[in-house]
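For reference, positions follow the sequence shown, starting with 1. Just so you know, these numbers use all the heavy atoms, side chains as well, and skip hydrogens, waters and symmetry mates.
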Amino acid sequence: MSIPQQTLFVSVLSGRVPHAVLITGERGAGKRNTAERLAGMLLCTGHPKPCGACRGCRLRETGSHPDLLRVSEQKGTIKIEAVRDLIEELSKKLYGEGHRAVLIENAQAMTVQAQNCLLKTLEDPPDGTVFVLTCRSERELLPTVVSRCRVVRITGEGEAAARVRLEKELGTDAREAALFARLGEGYFERAREWALEKGPMELRHGLWSVLMRLSEPGADPLAGYALCKDRAEEAGLILSVLSGILAEVLLYKQGGGAISPDHARDTAALSKKFSGPGLQRCLECAARAGALIEVNAHRQMLIEDLLLKIKDAMEDSLYDQSDRRAL
Ligand SMILES: [Zn+2]
């Protein structure tokens with residue numbers, strides 16, 4: 001899963017649901033999966049979302065959830081009549097208590113009249129309604145439609161395509177291929193590096209254990225830097241792996257499932273060590289450090305600074321919890 005997808009899911013799980021999302025990306029990038037997963041999170045009443053077991057999930061999986069509306073192309077176009085029918089449908093009451101998702105795949109198939117007809121509803125949909133549009137590029141839609149959506153760009157050829165190629169070309173086992181494809185953010189070449197070179201994978205396992213050790217009382221944050229010391233030239237990779245891990249922990253904390261099957265236990269354990277805002281602060285710090293590394297700032301200092309922030313965030317959450325118990 002790429003960072004834009006992760007960010008979208010994290011904000012949805014934490015209750016900041018955009019009223020319209022436009023997912024763009026090349027063929028096979030994973031637009032449909034992302035849209036379906038988003039709809040699943042919106043309609044699920046269980047935990048973690050989507051749980052696959054609650055009534056909402058079961059209805060959705062059998063294609064009969066009344067709060068999931070799909071507008072599909074007919075012979076390559078979506079005409080104004082289809083949009084009018086949709087608006088009529090949206091005036092009815094919600095079936096459940098949560099959200100209603102409107103999926104418009106290949107949104108570029110909407111005629112100009114259809115897009116114009118949708119504008120008002122897209123800007124101010126009925127309560128609980130979330131529009132999910134997909135198309136290859138936002139250039140294919142009217143700027144007035146795009147500006148009313150939160151745009152999520154999926155780059156690379158897509159996780160699914162990268163996974164299949166790893167299995168075919170390198171004979172990677174299916175479970176590992178899925179992991180490498182995710183770590184490579186849907187780019188085959190990056191996924192291939194994860195699969196072939198031991199280094200990055202060792203670094204990733206190492207950074208998981210750095211975080212686990214850091215969560216022990218009295219741990220010295222700067223001791224974690226020892227692992228990174230010999231790899232200072234890979235500071236960019238270290239930061240991106242660290243922020244990937246923090247994003248996974250945040251996603252889990254907000255009620256999503258664990259993403260890395262090989263570190264599922266660590267994900268659960270770490271999620272208890274942070275507060276949500278604490279994790280957000282660490283992610284922001286990692287993003288700032290990532291930008292500074294590009295301009296050649298002092299690498300060791302940036303990584304040490306992030307480790308200190310992470311330790312602070314863990315201790316803050318401990319303090320919050322004991323505070324609450326005291327009350
Ligand atoms: Zn569910």
Side-chain angles (χ1 to χ4, degrees), residues 1-12 16-43 50 60-61 63-92 94 98-161 185-186:
M1 194 170 19
S2 67
I3 297 292
Q5 286 160 292
Q6 252 170 13
T7 316
L8 170 70
F9 293 150
V10 163
S11 71
V12 168
R16 296 187 307 276
V17 184
H19 58 78
V21 179
L22 170 63
I23 301 165
T24 66
E26 285 305 313
R27 213 159 72 96
K31 300 188 290 291
R32 174 175 295 163
N33 280 346
T34 308
E36 295 287 345
R37 191 176 176 92
L38 177 58
M41 284 180 172
L42 292 169
L43 300 173
R60 178 179 55 82
E61 277 163 17
S64 54
H65 201 304
D67 288 331
L68 177 56
L69 307 177
R70 294 173 191 270
V71 182
S72 314
E73 49 190 322
Q74 303 288 334
K75 294 181 190 157
T77 65
I78 298 174
K79 292 192 173 147
I80 189 167
E81 289 79 10
V83 173
R84 285 196 183 123
D85 289 347
L86 170 72
I87 293 172
E88 164 80 31
E89 193 62 32
L90 289 178
S91 66
K92 295 178 189 162
L94 283 184
H99 289 283
R100 172 161 53 193
V102 181
L103 252 54
I104 309 182
E105 280 190 67
N106 295 322
Q108 79 287 350
M110 284 190 285
T111 61
V112 170
Q113 291 86 342
Q115 292 185 52
N116 277 322
C117 177
L118 187 64
L119 284 182
K120 219 173 135 245
T121 317
L122 198 58
E123 181 160 81
D124 188 19
D127 279 349
T129 299
V130 179
F131 279 90
V132 186
L133 279 60
T134 70
C135 68
R136 280 203 192 177
S137 152
E138 59 239 61
R139 285 192 298 273
E140 297 175 316
L141 293 173
L142 293 179
T144 42
V145 168
V146 177
S147 69
R148 283 162 172 79
C149 298
R150 167 155 164 195
V151 181
V152 176
R153 295 179 190 89
I154 309 178
T155 46
E157 59 201 304
E159 276 179 40
E185 300 192 349

So does R16 have more than 12 non-hydrogen atoms from other groups sitting under 6.0 Å from CZ?
yes

For V12 and P18, work out which heavy atoms get closest and say how close.
CG2-CD, 4.1 Å

For C117 and R84, the nearest pair of non-hydrogen atoms, with its separation, is SG-CG, 4.0 Å

Determine the sole option in V145, V151, V132, V152 for which the side-chain contact (heavy atoms from CB on, under 4.5 Å) test with L22 is passed.
V151

One thing to verify: whether E89 and K92 come together as a salt bridge, which I'm taking to mean a side-chain N less than 4.0 angstrom from a carboxylate O.
yes

Rounding to 0.5 Å, atoms CG (L122) and CD (Q115) come to a distance of 10.0 Å

Count the heavy atoms belonging to other residues, nucleotides or ligands that lie under 6.0 Å from CZ of R32, then report whether that count exceeds 12.
no

Smallest heavy-atom separation, L118 atom then I104 atom, equals CD2-CD1, 4.0 Å

Supply the atom-to-atom distance L38 CG to N33 CG, rounded to the nearest 0.5 angstrom.
12.0 Å

Please find the pair of heavy atoms, one from M110 and one from L133, that lie closest to each other, and give the distance.
CE-CD2, 4.3 Å

So S11 and R150, side chain to side chain contact (heavy atoms under 4.5 Å, CB included) or not? Walk me through it.
CA-CA 12 Å; S11 71; R150 167 155 164 195; 3.2 Å; yes

Between CG on residue N116 and CD1 on residue I80, distance to nearest 0.5 Å
8.0 Å

Under 3.5 Å, is there a donor-acceptor pair between the side chain of T134 and the main chain of N106?
yes

Within the distance-only criterion (no hydrogens, no angle test), does the side chain of R100 pair as donor or acceptor with the backbone N or O of L90 below 3.5 angstrom?
yes

What's the separation between atom SG in C149 and atom NE2 in H19, rounded to the nearest 0.5 Å?
8.5 Å

NZ/NE/NH1/NH2 to OD/OE distance under 4.0 Å, E105 and K31:
no

Does this structure show an ion pair linking R70 with E36, if we count only N-O contacts that are shorter than 4.0 Å?
yes

So, T77 side chain and K79 main chain: donor-acceptor pair closer than 3.5 Å or not?
no

Which atom of L43 lies closest to which atom of A101, heavy atoms considered
CD2-N, 4.4 Å

Atom pair CE (M41) and NE2 (H99), whose distance is rounded to the nearest 0.5 Å
12.0 Å

Are any non-hydrogen side-chain atoms of T121 and T129 less than 4.5 angstrom apart?
no

With side chains defined as the heavy atoms from C-beta onward, is the minimum distance between V130 and P125 less than 4.5 Å?
no

From CG (D85) to CG (L69), nearest 0.5 Å
11.5 Å

